[in-house]
K.L.:
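This is the structure I want to talk about, given as structure tokens.
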Amino acid sequence: MTTTGEVHRAAAGGPWWWERRRSALFDGGLGVVSAAECAVEGVSFAHKAGLPAAVGIVFGVLAGATLVLRRRWPIAVVLVSVAITPAQMGVLLTIVGLYSLAASEMPRRIIGALAAMSFAGTLIVAVVRAQQDAAHGVDAFQVGSWFIPFIAITTALGLTAPPLLLGMYVGARRRLMESLQERNDSLERELLLLAERAEERAEWARGEERTRIAREMHDVVAHRVSLMVVHAAALQAVARKDPEKAVKNAALVGDMGRQALTELREMLGVLRAGEAVPERERGRAVPLEAVGVAAAAAASRAEEEAENGPCLAEVEELVGQSRAAGMVVEMTVEGDVRVYAATVEQTAYRVVQEALTNVHKHAAGAKTYVRLAHRGAEIAMQVENESPPVAAGASVGLPSGGNGLIGMKERVAGLGGVFVSGPTDAGGFRVSAVLPAG
């Protein structure tokens with residue numbers, strides 16, 4: 001047997017099977033009232049049965065006190081009420097017992113069977129009592145044959161139907177509220193999971209943004225500063241022998257420094273514009289809508305930066321800067337030149353730029369070949385240098401962080417391209433990349 005709502009108790013706040021102390025006090029009060037009622041009715045029952053009054057009182061108290069079990073064993077309470085119905089006892093026990101049974105989690109067939117038993121017992125007792133009352137009052141007034149069944153059925157329905165219907169309504173309402181609460185808890189768990197996933201995606205997006213900015217900073221600083229160091233070394237070497245060439249190299253160093261500063265300012269401007277969360281708001285929970293808006297804004301900034309960044313048309317100027325620094329560079333272009341997506345052109349430019357920077361660092365003085373090939377569905381680029389005559393790169397003190405090739409590979413792979421790099425059989429080094437045109 002199950003108690004009313006027993007499976008849904010969150011915690012045992014009251015004694016025994018009651019979930020709250022208030023419920024225990026309420027059921028205890030009902031039990032006292034029911035026991036008192038049955039004790040009073042037990043005196044009349046004992047008198048009619050020819051038993052001592054004390055026996056009827058004790059029997060009534062024990063039968064009425066079972067009402068305190070209505071939450072734990074509602075079936076037992078109803079069975080006791082049915083059992084004492086012939087003794088014309090336990091009206092409160094019957095009413096409350098039927099209500100508790102109907103509001104419980106019992107199967108409907110059990111509730112219907114017990115309700116039918118209670119109705120039948122009440123109907124029989126009502127018929128017998130109505131006949132007795134009619135027999136005692138026959139001299140006072142005459143009644144029709146329909147009066148006794150009418151009174152009996154009305155009494156039986158009045159004692160069984162209202163508590164049964166009310167209990168079924170309360171039980172259905174409670175189950176509905178519990179299902180809504182469970183659904184609410186489920187939705188809260190889903191929202192929490194979505195928030196965690198959104199935070200993970202936001203963290204991943206921030207990591208990707210940091211990596212992209214790091215690549216851009218590396219390309220700008222490494223290439224420009226490398227050329228500046230090369231020119232500064234040449235300036236130092238020819239300052240006294242060839243003043244005109246020294247002036248020219250100094251002008252180149254100034255131009256490259258200004259270009260590097262301009263590109264750095266643009267990147268820092270993007271970073272400042274990307275500060276979407278104020279300092280005082282950091283550490284607070286971010287709504288899912290804010291995460292989506294921030295991700296869209298980051299993607300928009302990346303696309304805008306790609307559109308405003310370098311393009312393939314500037315590769316010739318890039319090669320010219322390396323030639324001005326003393327590098328022997330041959331550039332060839334194959335296929336029909338056309339315009340590509342901004343991200344594709346910027347990636348191709350950065351690959352050539354970083355490859356030339358590596359030549360300045362590690363193979364100063366080596367002859368270099370730059371090849372661009374415009375094909376139907378892709379664009380290919382290759383930068384290859386011969387074996388350097390001397391280790392001139394070490395003499396100008398150019399540091400290397402070892403991230404240039406990694407950055408190029410990440411850029412190309414991010415667009416679905418292919419990147420290959422490695423030494424050649426002749427002792428040089430080759431960097432090759434193929435990017436899809438779309």
K.L.:
Taking atom CG of Leu187 and atom CG of Leu194, what is their separation to the nearest 0.5 Å?
P.N.:
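So the CG of Leu187 and the CG of Leu194 are separated by 10.5 Å.
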
K.L.:
Please evaluate residues Met89 and Phe59 with respect to the criterion side-chain contact (heavy atoms from CB on, under 4.5 Å), reporting the C-alpha separation (whole Å), side-chain torsions for both, the decisive distance (0.1 Å), and the verdict.
P.N.:
CA-CA 10 Å; Met89 299 168 57; Phe59 176 74; 4.0 Å; yes

K.L.:
Considering only heavy atoms from C-beta outward, does the side chain of Leu93 approach that of Val77 to under 4.5 Å?
P.N.:
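They are in side-chain contact.
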
K.L.:
Does a side-chain heavy-atom distance below 4.5 Å link Asp27 with Leu67?
P.N.:
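No; the side chains remain at least 4.5 Å from each other.
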
K.L.:
Is there a side-chain contact between Thr66 and Trp73 (heavy atoms, below 4.5 Å)?
P.N.:
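In short, these two side chains do not touch, never coming nearer than 4.5 Å.
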
K.L.:
Using a 4.5 Å cut-off on heavy atoms from C-beta on, say whether the side chain of Leu164 contacts that of Ile111.
P.N.:
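Yes, their side chains come closer than 4.5 Å.
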
K.L.:
Quick check for you: to the nearest 0.5 Å, what is the distance between Glu188 atom CD and Leu193 atom CG?
P.N.:
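One gets 13.5 Å once the value is rounded to the nearest 0.5 Å.
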
K.L.:
Tell me which one of Ile406, Leu435, Thr347 satisfies side-chain contact (heavy atoms from CB on, under 4.5 Å) with Arg411.
P.N.:
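Among the candidates, only Thr347 passes.
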
K.L.:
Using 0.5 Å steps for rounding, measure from the CZ atom of Arg430 to the CG atom of Asp425.
P.N.:
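The distance works out to 8.0 Å.
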
K.L.:
For Tyr340, is there any backbone N or O sitting under 3.5 Å from a side-chain donor or acceptor partner on Glu345?
P.N.:
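Judged by distance alone, yes, a pair lies under 3.5 Å.
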
K.L.:
For Gly64, is there any backbone N or O sitting under 3.5 Å from a side-chain donor or acceptor partner on Ser34?
P.N.:
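Side chain of Ser34 to backbone of Gly64, a donor-acceptor pair under 3.5 Å: yes, one is there.
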
K.L.:
Please name the pair of heavy atoms, one in Pro52 and one in Ala46, separated by the smallest distance, quoted to 0.1 Å.
P.N.:
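Looking at all heavy atoms of both residues, the shortest contact is O-CB, 3.4 Å.
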
K.L.:
Is the backbone N or O of Ala103 less than 3.5 Å from a side-chain atom of Arg174, with the two atoms forming a donor-acceptor pair by type?
P.N.:
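Here the side-chain-to-backbone pair exists.
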
K.L.:
Spell out, as yes or no, whether a donor-acceptor pair under 3.5 Å connects the side chain of Glu37 to the backbone of Val91.
P.N.:
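It does hold such a pair.
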
K.L.:
Output, in order, the C-alpha distance, side-chain angles, deciding distance and verdict of salt bridge (charged side-chain N to carboxylate O under 4.0 Å, His left out) for Arg183 and Glu190.
P.N.:
CA-CA 10 Å; Arg183 181 174 178 82; Glu190 292 179 3; over 6 Å; no

K.L.:
Roughly how far apart are Leu176 CG and Gln181 CD, rounded to 0.5 Å?
P.N.:
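The CG atom of Leu176 sits 12.0 Å away from the CD atom of Gln181.
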
K.L.:
Where do Glu354 and Arg350 land on the salt bridge (charged side-chain N to carboxylate O under 4.0 Å, His left out) test, with the steps shown first?
P.N.:
CA-CA 6 Å; Glu354 181 59 28; Arg350 294 302 187 193; over 6 Å; no

K.L.:
Of the non-hydrogen atoms in Val434 and Ala380, which two are nearest, and what is the gap between them?
P.N.:
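Heavy atoms of Val434 and Ala380 come nearest at CG2-CB, 4.0 Å.
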
K.L.:
For Val329 and Ser322, which heavy atoms make the closest approach, and how far apart are they?
P.N.:
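Heavy-atom minimum between the residues: CG2-CB, 4.2 Å.
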
K.L.:
Is it the case that more than 12 heavy atoms not belonging to Arg109 sit under 6.0 Å from its CZ atom?
P.N.:
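No.
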
K.L.:
Side-chain contact test, heavy atoms from C-beta onward, threshold under 4.5 Å: evaluate it for Leu98 versus Val78 and give yes or no.
P.N.:
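Yes, side chains in contact.
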
K.L.:
Other residues, nucleotides and ligands only: do more than 12 of their heavy atoms fall within 6.0 Å of CG on Asp185?
P.N.:
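Enclosed: over 12 neighbouring heavy atoms sit under 6.0 Å from CG of Asp185.
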
K.L.:
Test your reading of the model: is there a side-chain donor-acceptor pair from Ser118 to the backbone of Leu114, 3.5 Å cut-off?
P.N.:
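No; judged by distance alone, with no hydrogens or angles, the pair does not exist.
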
K.L.:
Main chain of Glu182, side chain of Ser186: is a donor-acceptor contact present, judged purely on distance under 3.5 Å?
P.N.:
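Not a single qualifying donor-acceptor pair exists.
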
K.L.:
If every non-hydrogen atom of Ile95 is compared with every non-hydrogen atom of Pro163, which pair is closest and at what distance?
P.N.:
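Of all heavy-atom pairs spanning Ile95 and Pro163, the closest is O-CB, 3.3 Å.
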
K.L.:
On a heavy-atom basis, which atom in Ala39 and which in Val61 lie closest, and how many Å separate them?
P.N.:
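Residues Ala39 and Val61, closest heavy atoms: CB-CG2, 3.7 Å.
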
K.L.:
Verify the neighbour count for atom CE of Met168: are there more than 12 heavy atoms of other residues, nucleotides or ligands below 6.0 Å?
P.N.:
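Not more than 12 within 6.0 Å, no.
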
K.L.:
Applying side-chain contact (heavy atoms from CB on, under 4.5 Å), run through Val315 and Tyr349 and close with a yes or a no.
P.N.:
CA-CA 6 Å; Val315 173; Tyr349 178 91; 3.9 Å; yes

K.L.:
State, to 0.1 Å, how close Val125 and Thr85 come at their nearest heavy-atom pair, and which atoms those are.
P.N.:
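Scanning both residues completely, I find the closest heavy atoms to be CG2-O, 3.3 Å.
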
K.L.:
Any chance you could measure Ser421, atom OG, to Met408, atom CE, to the nearest 0.5 Å?
P.N.:
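So the OG of Ser421 and the CE of Met408 are separated by 6.5 Å.
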
K.L.:
I'd like to know whether Phe419 forms a side-chain contact (heavy atoms from CB on, under 4.5 Å) with Val431, so could you lay out the CA-CA distance, the side-chain angles of the two residues, the decisive distance to 0.1 Å, and finally the verdict.
P.N.:
CA-CA 8 Å; Phe419 177 82; Val431 172; 3.5 Å; yes

K.L.:
Applying side-chain contact (heavy atoms from CB on, under 4.5 Å), run through His374 and Arg338 and close with a yes or a no.
P.N.:
CA-CA 8 Å; His374 300 272; Arg338 63 182 188 274; 4.1 Å; yes

K.L.:
Would you sort out whether Arg375 and Glu378 count as a salt bridge (charged side-chain N to carboxylate O under 4.0 Å, His left out), showing the intermediate values?
P.N.:
CA-CA 5 Å; Arg375 300 168 184 169; Glu378 61 188 17; 3.1 Å; yes

K.L.:
Within the distance-only criterion (no hydrogens, no angle test), does the side chain of Ser104 pair as donor or acceptor with the backbone N or O of Leu101 below 3.5 angstrom?
P.N.:
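A pair under 3.5 Å: yes.
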
K.L.:
A side-chain contact here means heavy atoms from C-beta on lying under 4.5 Å apart; do Val337 and Leu372 qualify?
P.N.:
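Counting from C-beta outward, Val337 and Leu372 never come under 4.5 Å.
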
K.L.:
Any ion pair linking Arg371 and Glu384 (charged N to carboxylate O, less than 4.0 Å)?
P.N.:
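A salt bridge links Glu384 with Arg371.
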
K.L.:
Test your reading of the model: is there a side-chain donor-acceptor pair from Ser44 to the backbone of Val40, 3.5 Å cut-off?
P.N.:
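Judged by distance alone, no pair lies under 3.5 Å.
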
K.L.:
Indicate yes or no: at least one non-hydrogen side-chain atom of Val370 is less than 4.5 angstrom from one of Thr332.
P.N.:
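Val370 does not reach Thr332 side chain to side chain.
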
K.L.:
Does the side chain of Phe119 come within less than 4.5 Å of Leu157's, by heavy atoms?
P.N.:
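They are in side-chain contact.
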
K.L.:
Which distance, rounded to the nearest 0.5 Å, do you find between the CE of Met117 and the OG of Ser81?
P.N.:
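Rounded to the nearest 0.5 Å, the CE-OG separation comes out at 9.0 Å.
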
